[in-house]
Number of protein chains: 2
Amino acid sequence: MRTDEGTAGPDDGIPDDVALLWGRRGGPRRGPRPSLSVADITRAAVAVADADGLDAVSMARVAAELGNSTMALYRHVRSKDELLALMTDAAMESPPEREPDGDWRAGLYAWAHGVVAVSRRHPWFARLPVGGPPIGPHNLAWLDRGLAELEPVGLPPDEAVAIVTGLLIYTQGGIRLGAELAVGYAADPDAFGARYGRLLGALVDPHRMPALARAVAAGVFDGTGTASPPPEHDATAGAEFELGLTFLLDGIAAHIARRGTPGP
Amino acid sequence: MRTDEGTAGPDDGIPDDVALLWGRRGGPRRGPRPSLSVADITRAAVAVADADGLDAVSMARVAAELGNSTMALYRHVRSKDELLALMTDAAMESPPEREPDGDWRAGLYAWAHGVVAVSRRHPWFARLPVGGPPIGPHNLAWLDRGLAELEPVGLPPDEAVAIVTGLLIYTQGGIRLGAELAVGYAADPDAFGARYGRLLGALVDPHRMPALARAVAAGVFDGTGTASPPPEHDATAGAEFELGLTFLLDGIAAHIARRGTPGP
DNA sequence: GCAGTTTAGCGTGTGATATACGCAGTTCGG
DNA sequence: CCGAACTGCGTATATCACACGCTAAACTGC
C-alpha cells in the first residue's frame, strides 16, 4: 500500500491531502451510498466557526450539525487537521468574476479588498496554521486573479508573482489586525474607543516610551483608536489599512513607471 | 467585591487582565512564599511552544516543565486564555535599543525586520487570538520604538500612528506567510521547492487559471517558490517580503516628500 | 510568642475532546 | 444472487481545562 498517492486514480504523484483539497479522493463506488460528503462536512465546519468561533469546531459539534454521529466524519476525513486544511481553502471562497479593464491599480486594489472581505466573513481564518505554500483550489484561484490584474503590464512573471505575494502579505496582516480584531470588538466593545485611550494614559510611562506617550497625550487613541474600526465600517480593516495599501500601491506604481512601458 | 479592578491597589480602573500583563497583580504578601511566579510560568509556556509548537502547550505540560503540579498554575493565572495573553506579549520580547540617527527610513526598515525576527523565534505567535488593541508592555514598547523613528519627520501624531500601524499590518502578514511557514518547511521540506512547481503544473488548469498557469510554465515556482525561503536565510521572510517592504517605504517616503519639510 | 487568618500547592473529580477499533447493515461486481 | 467492500456508528481510551476542597505555611494583631 502506497502512503503517498491515495486511491484517486492515475493522477501524477499528487499527495493524498492535496487530492482531498481538490475533491479527488473518491474511491471505487461500492457499498452503501454515502449520506455525507467532504463538501458537506467542510461547509458545516465553516458554519460552526463563523457562528461560534474556531474553538467551537469539534468533530462532535460538526457531526451534530449534520445530524450524524461523531465517528461518521472519519470515513471522509482522516483527522481534524485535515478538516482544518479543508476549511483553510473553503474560507477563501471563490474570487469574484472581473474582467480586466487594463487598470492594474484599480484591479489590485479591488483584489486586496476582496481578500479582506472574504476573511472578514471568516475571522477565524488567520488563526489556522499555514502548513505550506498555497495549494488549494480557492487559494490558487485568488493568486491567479491577482496575477491576471497585473498581466497587461508585462512584467517578468517572477516579478509579478513577487508583487502579488507582497500584496497578499500586506492583506494577511490586515486580516489579523483588522478582521480578527472585529471579534474582540464584538466580545467587548468597551475595550476600544475612549477607554483604550484612558488606559494607555495610565499605563504608558513618558520616560520609557516618550514617543507613544506624546501620541497618547495628543489624543490619537481617544477616538476610533489604532486599527480598531467599529464593524459598521465597510469590509476594510479601517483607515490605517487603506493608507498602507495606498502607499504600497504607490510604491508598486513607481516601480512599474521606472521600468518604462512594456514591450520591446 | 468589584469585578473589574483587581487587588493591585489604587491604580486607576485598570482591568484585571491588563494588570496581570503589567505584573501588577501581586496581592498582599501573606501565606506561604510562592515558589512560582507569573513570569516563570510565562517563560516555561513560551519555551514549550518554541520547542514543540502551540498545541503542546497544556497546563499539565507547563507545570511539569516547572516541576509543579497542574493545578498550582491556577493560583497565578485564572485560565489558559490568560496564559495565552501573557504569551502574546512575552513573544514580542523587548525591542532592541537604538538611538535615532535621523534616518527614519533605515530606522523603520530595521524596526520591521526586528518585529519579523522576534516572531520568527516564536512562530506560534500568529496563531494566537488577537482579542483587542495592543495593551501589553512589550507590544506597546514596539509601537513606541516605531513612532520614535518617525518623530524627527514631524508628522502630525495621528498620521505617524497610522503609518506605523500600516507597517505593522504588513509585518504581521510577513509573519504569517513567512515565519509561520518556516514551521511547515521544517515539518516537510519536500513540499517546497521543485516538487511544489511540479504539483502546480499538475493541478492548475490553464483554462480556469490562465495567468497562474503561465507563471507556472515559466518556472517561477520551481526554485525557492512563493514566499518559501529556506530557513537558512536571514531573519526576513524572503525576497517577496523585502520587495513589498521596499515598495511600502517608497510610498511612505513619497507621502513625506509631498508634505514638504517639517516646521513652519 | 500565640492565635487567627490568609494563601500556596496539590489530589481528586467532571465533562469535553480526538480518535482507535470492531460490528452491523447496505450495495454492487461478478 | 452471493460475497466483498464500504458506510455509519457504539464503545473505549487518553488527554485536556478546570471546579472544589484539603493541608500546611507564613504573616498580623494581640
Side-chain angles (χ1 to χ4, degrees), chain A residues 1 6-9 16-17 20 25-42 44-45 48-49 52-87 124 127-129, chain B residues 1 6-9 16-17 20 25-42 44-45 48-49 52-87 124 127-129:
Chain A
M1 198 186 281
T7 55
D16 204 51
D17 50 338
L20 179 67
R25 198 147 92 179
R29 280 282 137 261
R30 195 123 129 200
R33 207 141 301 135
S35 69
L36 249 50
S37 74
V38 173
D40 289 334
I41 294 172
T42 308
V48 169
D52 294 344
L54 192 59
D55 293 335
V57 177
S58 71
M59 299 305 268
R61 171 75 187 276
V62 172
E65 218 78 17
L66 291 162
N68 279 72
S69 92
T70 307
M71 295 312 291
L73 304 187
Y74 284 96
R75 288 280 163 201
H76 305 266
V77 158
R78 266 200 236 293
S79 68
K80 189 182 179 181
D81 280 346
E82 246 185 27
L83 177 56
L84 291 180
L86 284 164
M87 291 173 69
W124 39 268
R127 286 189 54 203
L128 290 169
Chain B
M1 198 186 282
T7 55
D16 205 51
D17 50 338
L20 180 68
R25 197 146 93 179
R29 281 278 138 266
R30 196 125 129 197
R33 206 141 300 133
S35 69
L36 250 51
S37 74
V38 173
D40 289 334
I41 294 172
T42 309
V48 169
D52 294 343
L54 192 59
D55 293 335
V57 178
S58 71
M59 299 305 267
R61 171 75 186 276
V62 172
E65 218 78 16
L66 291 163
N68 279 73
S69 90
T70 307
M71 294 312 291
L73 304 187
Y74 284 94
R75 288 281 160 195
H76 305 266
V77 158
R78 266 200 235 293
S79 67
K80 189 182 180 182
D81 280 344
E82 245 185 27
L83 178 55
L84 293 180
L86 284 165
M87 291 173 69
W124 39 268
R127 285 189 55 203
L128 290 169

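For clarity, every value in this text was computed on a predicted model and none was experimentally measured. Chain A is the first sequence line, chain B the second, and so forth, proteins listed ahead of strands; every chain is numbered from 1.
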Which of these nucleotides, [options], is closest to any side-chain atom of [X]?
| X | options | value |
| --- | --- | --- |
| A/M71 | D/dT28, C/dA20, D/dA26 | C/dA20 |
| B/R30 | C/dC10, C/dT6, C/dA18 | C/dT6 |
| A/S58 | C/dT17, C/dT7, C/dC23 | C/dT17 |
| A/P32 | D/dC18, D/dT7, D/dT28 | D/dT7 |

Do B/L128 and B/L54 make a side-chain contact, defined as non-hydrogen atoms from C-beta onward lying under 4.5 Å apart?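 The answer is yes, as the side chains (C-beta and beyond) meet within the 4.5 Å cut-off.
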Do A/M59 and A/L83 have side-chain heavy atoms sitting under 4.5 Å apart?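 Yes, close enough: below the 4.5 Å cut-off.
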Whole-Å gap separating [atom2] ([N]) and [atom1] ([X]):
| X | N | atom1 | atom2 | result |
| --- | --- | --- | --- | --- |
| A/M59 | C/dA20 | CE | P | 10 Å |
| B/L36 | D/dA25 | CG | C1' | 16 Å |
| A/E82 | C/dT19 | CD | P | 10 Å |
| B/D81 | D/dC18 | CG | C1' | 12 Å |
| B/Y74 | C/dT14 | OH | C1' | 13 Å |
| B/L73 | C/dG11 | CG | P | 13 Å |
| B/L66 | C/dA8 | CG | P | 16 Å |

Spacing of B/D40 atom CG and B/L66 atom CG [to the nearest 0.5 Å]: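 If we round to the nearest 0.5 Å, B/D40:CG and B/L66:CG are 6.5 Å apart.
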Can you see which heavy atom on B/R78 is nearest to which on B/E82, and at what distance?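 Closest heavy-atom pair between B/R78 and B/E82: N-OE1, 2.8 Å.
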Over all heavy atoms of both residues, which pair between B/V62 and B/A44 is shortest? Give the atoms and the distance, please.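 Nearest pair, atom of B/V62 first, then B/A44: CG1-CB, 4.0 Å.
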Could you pick out which residue, B/A60 or B/R75, lies toward the 5' side of DNA chain D when each is mapped onto its nearest nucleotide?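 Nearer the 5' end of the strand: B/A60.
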Give a yes/no on whether any side-chain N or O of B/H76 is located under 4.0 angstrom from OP1 or OP2 of C/dG9.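 Looking at the OP1 and OP2 atoms of C/dG9, one of them is under 4.0 Å from a side-chain N or O of B/H76.
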Please determine if a side-chain N or O atom of B/S35 lies less than 4.0 Å away from the OP1 or OP2 oxygen of C/dG9.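 B/S35 to C/dG9 OP1/OP2: side-chain N or O found under 4.0 Å.
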Here's a test of your reading of the structure: between B/G31 and B/N68, which maps to the more 5' nucleotide of DNA chain C?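 Here B/G31 is the residue nearer the 5' end.
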Would you kindly compare B/T70 and A/S79 by the position of their nearest DNA chain C nucleotide and give the one closer to the 5′ end?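 Result: B/T70.
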